Amino acid sequence: MALIIDDSCINCDMCEPECPNEAISMGEEIYEIDPARCTECVGHYDKPTCISVCPIDCISKDPQHSESEDELLIKYATLTGKL
Ligand code: SF4
Ligand code: SF4
């Protein structure tokens with residue numbers, strides 16, 4: 001399941017450089033996560049690193065982009081070229 005940033009984001013810039021998949025970028029008003037690139041950090045870390053660094057807990061799972069662990073691993077392999 002990809003993650004989503006809610007509109008309480010304060011644009012603190014903490015999460016964007018930490019994402020191993022370059023899934024986070026500045027949107028029109030706040031930072032946004034590209035669901036096509038977010039693996040929940042599967043393949044890289046034990047837990048989503050953006051959630052770990054966000055000071056106001058405004059990142060959560062996006063029910064609109066539900067994916068299994070296996071699907072996230074396939075996404076990771078596709079993005080990185082690793083299996
Ligand atoms: Fe990037 Fe991981 Fe956050 Fe997804 S969960 S946006 S891959 S840091
Ligand atoms: Fe927004 Fe949290 Fe990212 Fe900071 S770490 S830019 S508050 S989502």
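Atoms within each ligand, like the ligands themselves, are counted from 1 in listed order. From a predicted model like this one, the values you see are computed outputs, not experimental measurements.
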Quiz item: Can a non-hydrogen atom of Glu18 be found less than 4.0 Å from any atom of ligand 1?
Solution: no
Practice problem: Identify, by atom number and element, the atoms of ligand 2 in contact range of Ile5, meaning under 4.0 Å from any of its heavy atoms. | Solution: 8 (S)
Exercise. Run the salt-bridge test on Glu40 and Lys47 with the 4.0 Å N-O cut-off and return the result as yes or no.
Key: no
Quiz item: Does Cys54 reach the side chain of Met14, with side-chain heavy atoms less than 4.5 Å apart?
Solution: no
Quiz item: Tell me, do Ile24 and Cys50 make a side-chain contact under 4.5 Å, heavy atoms counted?
Solution: yes
Exercise. Provide, to 0.1 Å, the distance between atom 3 (Fe) of ligand 1 and the closest protein heavy atom, together with that atom's residue and name.
Key: Cys50 SG, 2.3 Å
Exercise. Walk me through it: do Ser68 and Asp70 pass the test side-chain hydrogen bond (donor to acceptor under 3.5 Å, both in side chains)?
Key: CA-CA 5 Å; Ser68 69; Asp70 284 348; 5.3 Å; no
Quiz prompt | Hydrophobic cluster identity match, Tyr45 and Ile74, side-chain contacts under 4.5 Å | solution = no
Quiz prompt | His65 vs Leu3 side-chain heavy atoms within contact, under 4.5 Å | solution = no
Quiz item: Please state which protein non-hydrogen atom is closest to atom 1 (Fe) of ligand 1 and give its distance, to 0.1 Å?
Solution: Cys19 SG, 2.3 Å
Practice problem: Could you check if a side-chain atom of Pro20 sits within less than 4.5 angstrom of a side-chain atom of Thr49, using non-hydrogen atoms only? | Solution: yes
Quiz item: Near Thr39, which atoms of ligand 1 are under 4.0 Å from a heavy atom of that residue?
Solution: 7 (S)
Self-check item: Test item: Glu67 side-chain N/O and Ala2 main-chain N/O as donor-acceptor pair under 3.5 Å
Solution: yes
Quiz item: Any idea which atoms of ligand 1 are less than 4.0 Å away from a heavy-atom of Thr49?
Solution: 8 (S)
Quiz prompt | Nearest non-hydrogen partners of Val53 and Glu18, listed with the distance | solution = CG1-CG, 4.1 Å
Quiz item: What heavy-atom pair brings Ile4 and Lys61 nearest, and what distance separates the two atoms?
Solution: CG2-O, 4.2 Å
Quiz prompt | Under 2.8 Å from atom 4 (Fe) of ligand 2, the protein N, O or S atoms, given as residue and atom | solution = Cys12 SG
Practice problem: Provide, to 0.1 Å, the distance between atom 2 (Fe) of ligand 1 and the closest protein heavy atom, together with that atom's residue and name. | Solution: Cys41 SG, 2.3 Å
Quiz item: ligand 1 versus Ile51, non-hydrogen atoms closer than 4.0 Å: side chain, backbone, both, neither?
Solution: neither
Practice problem: List every atom of ligand 1 that sits less than 4.0 Å from any heavy atom of Asn21, numbering the atoms from 1 in the order shown and giving each element. | Solution: 7 (S)
Quiz item: Considering only protein heavy atoms, which is closest to atom 4 (Fe) of ligand 1, and at what distance to one decimal place?
Solution: Cys38 SG, 2.3 Å
Quiz prompt | Sub-4.0 Å atoms of ligand 1 with respect to non-hydrogen atoms of Ile24 | solution = 6 (S)
Quiz item: So, Asn21 side chain and Ala23 main chain: donor-acceptor pair closer than 3.5 Å or not?
Solution: no
